[in-house]
Amino acid sequence: MHSSELARLSGVTVRALRHYHHVGVLAEPERRSNGYREYDVHDLIRVLRIKRLASLGIPLERMPDLLDDPDDDAQGLLDELDEELARQIDHLTTQRDLIARLRDHNTAPDLPPELAPFLAVFAATGLSPEMVKIDRDQSVLLAHLVGEDGMPHLASFYQRLSAPGLAPEVTAVSERFARLGPDSTEQDVADLVEDFMTTFTTAIEDFAAVEPSIELSGTADLVSEYTSALFNKQQRRTLKELESRLGESKM
């Protein structure tokens with residue numbers, strides 16, 4: 001039979017047959033006088049065996065020994081495949097759980113799942129699209145900077161800020177910050193700083209009392225670059241004043 005007939009009978013493509021030849025799992029028969037390679041039923045059986053092994057996830061490079069000596073460490077290979085499939089199932093299960101959490105809170109798929117519920121609370125309080133975007137970007141950056149070890153502590157802080165009694169106040173302060181611009185006065189900045197300290201100080205102190213500090217050393221330049229590119233002069237001035245006040249209070 002020609003390669004096209006072998007492909008039809010075995011359910012693979014001619015291209016796949018050429019690949020089997022290339023990697024050495026299927027011997028290439030000699031060409032006949034008409035220029036075509038002639039395959040026989042033994043080749044068909046070998047291709048069917050290759051398909052069966054491939055369906056189990058066995059890579060082509062591992063097949064020659066199994067094809068030529070089926071008893072050669074077959075059980076060991078099956079154990080390896082089973083362990084790998086178990087890992088893949090665990091990974092897929094975790095992914096589905098994360099997707100379900102994001103869908104439950106109607107949040108974007110690029111958000112850290114651990115923070116998504118709390119960001120959804122802020123969005124539901126009427127936070128402007130601009131501030132929702134800023135919250136999202138900052139959350140993505142902070143989640144990366146704190147890493148897996150710091151994520152539970154960061155999530156705990158977000159949870160405190162999104163508590164029913166505090167979330168509306170946090171949103172109000174955030175919106176006032178968003179409205180700062182060239183027409184804002186020094187008194188506007190000073191008032192916002194004071195209100196921020198009033199709103200956030202208790203939450204930050206409570207958090208610091210029960211949670212280990214989140215390690216963000218070496219990341220100040222990244223945060224500074226983010227704020228410089230996104231915020232206007234009055235907003236950056238406000239952030240600088242807040243940083244100073246928070247430093248003075250040793251929080």
Side-chain angles (χ1 to χ4, degrees), residues 1-117 119-120 136-137 139-155 219 222:
M1 67 185 82
H2 297 164
S3 59
S4 58
E5 186 176 4
L6 174 61
R8 180 181 62 83
L9 290 173
S10 62
V12 303
T13 64
V14 173
R15 183 176 181 181
L17 293 177
R18 295 194 187 105
H19 185 58
Y20 295 162
H21 293 322
H22 178 71
V23 298
V25 294
L26 180 65
E28 286 189 74
E30 296 293 331
R31 292 185 184 275
R32 300 291 186 175
S33 58
N34 58 10
Y36 290 103
R37 300 186 186 279
E38 286 291 330
Y39 298 87
D40 59 24
V41 68
H42 301 289
D43 296 311
L44 173 59
I45 293 172
R46 190 170 181 92
V47 172
L48 293 175
R49 293 176 65 201
I50 291 170
K51 282 185 60 181
R52 176 63 62 183
L53 293 175
S55 71
L56 294 176
I58 297 174
L60 289 175
E61 60 268 18
R62 298 286 297 272
M63 290 185 189
D65 291 340
L66 291 173
L67 290 166
D68 298 327
D69 186 0
D71 295 327
D72 183 22
D73 198 29
Q75 288 302 315
L77 180 56
L78 290 175
D79 289 342
E80 290 179 25
L81 290 172
D82 187 59
E83 292 174 2
E84 175 59 27
L85 288 173
R87 286 192 292 269
Q88 291 180 22
I89 290 171
D90 289 342
H91 176 68
L92 292 173
T93 299
T94 300
Q95 282 188 307
R96 292 198 67 199
D97 289 344
L98 294 178
I99 290 172
R101 290 165 62 185
L102 292 171
R103 292 176 66 184
D104 286 344
H105 298 287
N106 193 30
T107 51
D110 57 349
L111 280 176
E114 297 86 350
L115 306 182
L119 293 173
R136 181 199 67 200
D137 290 350
S139 299
V140 170
L141 179 61
L142 287 173
H144 174 70
L145 295 178
V146 303
E148 292 185 9
D149 292 340
M151 177 56 74
H153 311 304
L154 183 62
T219 63
L222 289 175

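We use all heavy atoms of the structure for the numbers below, so side chains are in, but hydrogens, waters and symmetry mates are not. Computed from a predicted model, the values in this text were never measured in an experiment.
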Presence of salt bridge, R46 and D40, under 4.0 angstrom: no
Taking all non-hydrogen atoms of both residues into account, name the closest pair between Y39 and H2 and its distance. CD1-C, 4.0 Å
Please step through side chain to side chain contact (heavy atoms under 4.5 Å, CB included) for the pair I50 and L60, ending with a clear verdict. CA-CA 8 Å; I50 291 170; L60 289 175; 4.1 Å; yes
Minimum side-chain heavy-atom gap V23-E61 below 4.5 Å: no
Could you tell me whether the side chain of M1 reaches within less than 4.5 Å of the side chain of L9, counting heavy atoms only? yes
When you measure from the side chain of R37 to the backbone N and O of S3, does any donor-acceptor pair fall under 3.5 Å? no
The reported gap from CD in E5 to CG in L44 (rounded to nearest 0.5 angstrom) is 9.5 Å
Residue pair S139 / E114, side-chain heavy-atom distance below 4.5 Å: no
CG on L85 to CG on D90, rounded to 0.5 Å: 11.0 Å
Interatomic distance, OG1@T94 vs CD1@I99, rounded to 0.5 Å, equals 11.0 Å
Knowing that exactly one of L26, L53, D68 qualifies, which makes a side-chain contact (heavy atoms from CB on, under 4.5 Å) with M63? L53
Does any non-hydrogen side-chain atom of Y20 lie less than 4.5 Å from one of V12? yes
Atom pair CZ/CG of R87 and D82 - distance to nearest 0.5 Å: 10.0 Å
Can you find a heavy atom in the side chain of E148 that is under 4.5 Å from one in the side chain of M151? no
Looking at S10, is its backbone amide N or carbonyl O close enough to the side chain of K51 to form a donor-acceptor pair, meaning the two atoms are under 3.5 Å apart? yes
Enter the distance from D97:CG to L102:CG here, rounded to the nearest 0.5 Å. 11.0 Å
So how far is it from L81 CG to Q88 CD, rounded to the nearest 0.5 Å? 9.5 Å
